[in-house]
Amino acid sequence: MARTVLERFPAGGPRGSWPAEEFAQARRDEGMAAEVVMDIEADAFLVIMPQPRTSQAGSQRTDVRRAGGAEPLVEAAAH
């Protein structure tokens, strides 16, 4: 399943502040299936929206893409 990155937030936010979670909740309130994941290499939280993937059967690759269809931000293989 492909994922679209809606927004990214630095991991070092102020104590007690959860901007990625707040952004994701606002999108869920709008009816989107937004969720928060951690991009450890970039030290950032990503708010993503899963997208059904229509590709070859048996493909194990997941592309995380920026909103607007830009190049993959993160590629991860499912094991």
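On a predicted model such as this, the values are computed, not experimentally measured, just so you know.
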Would the distance check show the side chain of R28 and the main-chain N or O of A34 forming a donor-acceptor pair, the cut-off being under 3.5 Å? yes
Minimum heavy-atom distance P50-A33, with the two atoms named: CD-O, 3.1 Å
Any side-chain heavy atom of V47 within less than 4.5 Å of one from F9? yes
Does M32 reach the side chain of L6, with side-chain heavy atoms less than 4.5 Å apart? yes
If you draw a 6.0 Å radius around CD in E30, do more than 12 non-hydrogen atoms from other residues or ligands fall strictly inside? yes
Search all heavy atoms of A44 against all heavy atoms of M38 and return the closest pair with its distance. O-SD, 3.4 Å
Rounded to the nearest 0.5 Å, what separates atom CD1 in I48 from atom CD in E7? 13.5 Å
With heavy-atom distances below 4.5 Å as the criterion, would you say the side chains of V5 and M49 are in contact? no
